[in-house]
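As a basis for the values below, the full set of heavy atoms in this structure was taken, side chains included, without hydrogen atoms, waters or symmetry mates.
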Amino acid sequence: METPVVFQYQEALHAFRGQGVPDVLLKRMSELISLLDLTTTLSAGLAREEILDAALLIVMGELRAARGCFLVRDPSGAYRLRASRGLPSSAPASVDLGSLAGETVVTRDSPGYARAVEGLGLELLCPILKSGRPIAVLGLGGRADARAYGREEIAFLESVAACSATPIENGLIYDELRRVNQRLSVKVFQLHNLFDVSRELTSTFDEDAIHDLVTATVMGHLMVSRCALYRLREGRLVLAHARGLGGEDLARAVSEAEAHSVLDLLRGPLAVSDLPEGPVREALCGAGMALLVPLSAGNRALGFLAVGARASGVPFTEEDRELAQTLGRQAVAALESVRLHRLGVEQQRRDREMQIAREIQQSLFPESCPTVPGFEVSARSLPCYEVGGDHYDFIPLPGGRLALAIADVSGKGAPASILMASVHASLRALAGTAGPAVLMARINRFLFESTAPNRYATVFYAELDPASRRLSYVNGGHIPPYRLTARGDEDRLFVGGPALGVIEDASYEAAEVVLEAGDLVAMVTDGVTEAASVADQEFGDLGVMEVLRKSRAAGAEKALGALVDAVHAWAGPVGCADDLTALVLRAV
């Protein structure tokens with residue numbers, strides 16, 4: 001193996017000794033060889049500790065120093081002990097050298113000597129500069145022969161500083177790159193885990209599984225032994241999931257007001273020690289918690305993660321807080337997805353129920369209008385919602401007679417449709433069993449006893465005898481039907497009593513009209529008369545009469561169509577705000 005160049009020079013120097021070569025020249029040759037050895041050593045390992053230690057031995061050996069050290073400046077500005085020989089065991093890991101930055105080699109007696117290293121027993125400090133910026137300091141103790149450092153030694157140290165500046169800077173750059181690569185590796189690892197966690201979170205709609213996964217992931221990444229997830233429900237904190245806790249439960253110890261005071265403070269991860277004094281901080285500290293991570297969707301607080309302290313006592317870094325916050329956001333997104341999924345399922349269920357209710361309600365309407373000798377009959381019902389509270393019906397009676405009914409119940413939607421089904425069943429069961437007035441009284445008593453006080457129905461009930469053209473009717477609080485005769489007379493069918501279900505023992509009267517050829521009777525609900533225009537004006541009785549006057553002679557079907565079209569045109573783009581039902585009877 002070839003002998004290193006430095007060793008070759010040292011062998012040559014040894015050969016010169018005792019051959020009359022002046023000591024000064026030999027000393028200069030020794031220093032040059034040491035500088036070469038130093039530069040070679042430093043360049044070999046990018047200023048790692050063991051390389052700095054070897055370089056320190058070279059300098060100490062050349063100057064016969066009893067102790068020495070390399071102090072390398074870190075990003076914070078402090079000088080960290082990277083290599084040392086002969087220093088006391090109590091030597092600090094880092095020191096603050098303050099104004100030493102721009103100095104040359106200084107001794108203990110110099111004004112620029114840093115008193116921070118007096119405890120290290122150093123006699124001399126040699127700053128190592130790169131582009132005028134201090135990057136390290138070489139410190140040396142007293143010499144073994146007790147001689148002071150002279151001008152020649154100082155010059156040698158200045159050369160040492162010049163030769164070692166670039167290798168040490170390269171070492172610092174290498175260390176920084178290594179730290180950056182380590183952080184990047186950790187980030188990549190965290191991102192992979194976050195991706196896996198996100199995939200698992202989005203694959204389930206089980207809140208307990210989400211709670212369990214989030215707390216387990218936080219504990220694994222932050223290396224803690226306890227974690228709890230608290231949810232805000234109905235204004236109070238609820239312990240949704242916990243790992244590593246005994247019988248502690250913060251939710252039991254914290255009032256609603258105190259819980260909200262904590263949530264208002266959480267704009268990001270917050271150390272428990274930064275909380276204001278009070279029951280919340282006391283309860284968290286008692287549970288061994290060190291960090292709170294908010295769980296919020298927009299401005300809406302959902303709760304927080306409480307993370308326990310590390311057993312090692314190492315505080316959480318900014319990267320730890322960012323990771324915990326990211327996991328918190330993923331948990332919130334997953335929990336919001338669960339909530340929206342439940343709302344969607346609930347909405348689908350309600351839609352399905354409404355569809356079933358609509359189908360049932362539609363089945364209660366007559367499939368078609370009956371054929372009545374000497375009369376035209378036409379009817380239509382348009383609910384404002386999926387199901388409505390309006391109804392009409394045709395009920396065949398003995399002797400060729402026909403019962404006609406139109407009704408409107410209080411409210412809208414499903415509750416109104418349920419009440420209307422009761423009215424329909426009552427009319428079907430009782431029609432023809434008694435006169436119209438008695439029948440209406442019976443239905444009123446049934447509704448009064450079986451419905452809430454604020455629920456009622458208006459009903460117009462009539463029995464038509466086609467042979468005699470007589471129409472016997474009773475009006476139970478409904479909009480009085482419109483009667484237009486062929487002679488041009490116009491009146492309303494008022495006789496009856498109050499709405500059904502309001503007064504238990506209400507009494508009703510019946511009346512009778514004879515319909516001549518060309519006479520027309522139109523029955524409507526308030527969805528027709530109260531239809532509002534863009535200018536918020538009601539269609540009203542006058543609007544109904546005007547349409548019927550123009551279309552009476554055209555027949556029942558066309559008169560009904562004209563009335564519905566007129567109401568829709570009146571409401572315009574706003575549309576109707578109530579169920580619209582109309583029934584037209586015309587004598588021919």
Would [X] and [Y] pass as an ion pair if we require N to O under 4.0 Å?
X: D320; Y: R310; answer: yes
X: E449; Y: R445; answer: no
X: E346; Y: R339; answer: no
X: R342; Y: E207; answer: yes

Of all heavy-atom pairs between [X] and [Y], which one has the smallest distance, and what is that distance?
X: A334; Y: I210; result: CB-CD1, 3.7 Å
X: A379; Y: C369; result: N-SG, 3.5 Å
X: A228; Y: L239; result: CB-CD1, 3.9 Å
X: A571; Y: V534; result: O-CG2, 4.2 Å
X: G476; Y: M440; result: N-CE, 4.3 Å
X: L284; Y: L292; result: CD1-CD1, 3.7 Å

Would a distance-only check, ignoring hydrogens and angles, find a side-chain to backbone donor-acceptor pair under 3.5 Å from [X] to [Y]?
X: R226; Y: A287; value: yes
X: D74; Y: G77; value: yes
X: D53; Y: A83; value: no
X: R380; Y: L583; value: no
X: S131; Y: R133; value: no
X: N444; Y: I503; value: yes
X: H478; Y: A499; value: no
X: R80; Y: V72; value: no
X: T525; Y: L580; value: no
X: R442; Y: L430; value: no

Which value, rounded to the nearest 0.5 Å, describes the distance between [X] atom [atom1] and [Y] atom [atom2]?
X: N475; Y: T458; atom1: CG; atom2: OG1; answer: 8.0 Å
X: I418; Y: R455; atom1: CD1; atom2: CZ; answer: 9.0 Å
X: F394; Y: E367; atom1: CZ; atom2: CD; answer: 13.0 Å
X: L323; Y: F316; atom1: CG; atom2: CZ; answer: 11.0 Å
X: E538; Y: D526; atom1: CD; atom2: CG; answer: 9.0 Å
X: S337; Y: F205; atom1: OG; atom2: CZ; answer: 6.5 Å

Close side-chain approach of [X] and [Y], heavy atoms under 4.5 Å:
X: L427; Y: D393; answer: no
X: D212; Y: R243; answer: yes
X: T451; Y: S422; answer: no
X: C227; Y: L305; answer: yes
X: L295; Y: L266; answer: no
X: E318; Y: E322; answer: yes
X: Y461; Y: L439; answer: yes
X: P366; Y: Y392; answer: yes

For the residue pair H424 and H391, does the interplanar ring angle fall in the parallel (under 30°), tilted (30 to 60°) or perpendicular (over 60°) class?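 Judged by the thresholds at 30° and 60°, the geometry between H424 and H391 is perpendicular.
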Over 60° means perpendicular and under 30° means parallel, so classify the ring planes of W570 and F539, tilted if in between.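 If you compare the ring of F539 with that of W570, the planes turn out perpendicular.
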Could you go through V459 and V423, starting from their C-alpha distance and side-chain angles, then the distance that decides it, and tell me whether this counts as side-chain contact (heavy atoms from CB on, under 4.5 Å)? CA-CA 9 Å; V459 179; V423 174; 4.1 Å; yes
Could you give me the CA-CA distance, side-chain angles and deciding distance for V528 and V564, then say whether side-chain contact (heavy atoms from CB on, under 4.5 Å) is met? CA-CA 8 Å; V528 175; V564 172; over 6 Å; no
Could you check whether atom CG of N454 has more than 12 heavy atoms from other residues, nucleotides or ligands sitting under 6.0 Å from it?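 Yes, the 6.0 Å shell around CG holds more than 12 heavy atoms from other groups.
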Do other residues, nucleotides or ligands put more than 12 heavy atoms under 6.0 Å from L343 CG?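 More than 12 heavy atoms, drawn from other residues, nucleotides or ligands, come within 6.0 Å of this atom.
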Do H241 and R231 get their side chains close enough for a donor-acceptor pair, meaning under 3.5 Å?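 No pair is found: no donor N or O on one side chain lies under 3.5 Å from an acceptor on the other.
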Using side-chain contact (heavy atoms from CB on, under 4.5 Å), reason through V307 and V218 one step at a time and then give a plain yes or no. CA-CA 8 Å; V307 183; V218 168; 3.8 Å; yes
Evaluate side-chain contact (heavy atoms from CB on, under 4.5 Å) for F70 paired with L81, printing each intermediate quantity in order. CA-CA 6 Å; F70 264 116; L81 193 65; over 6 Å; no
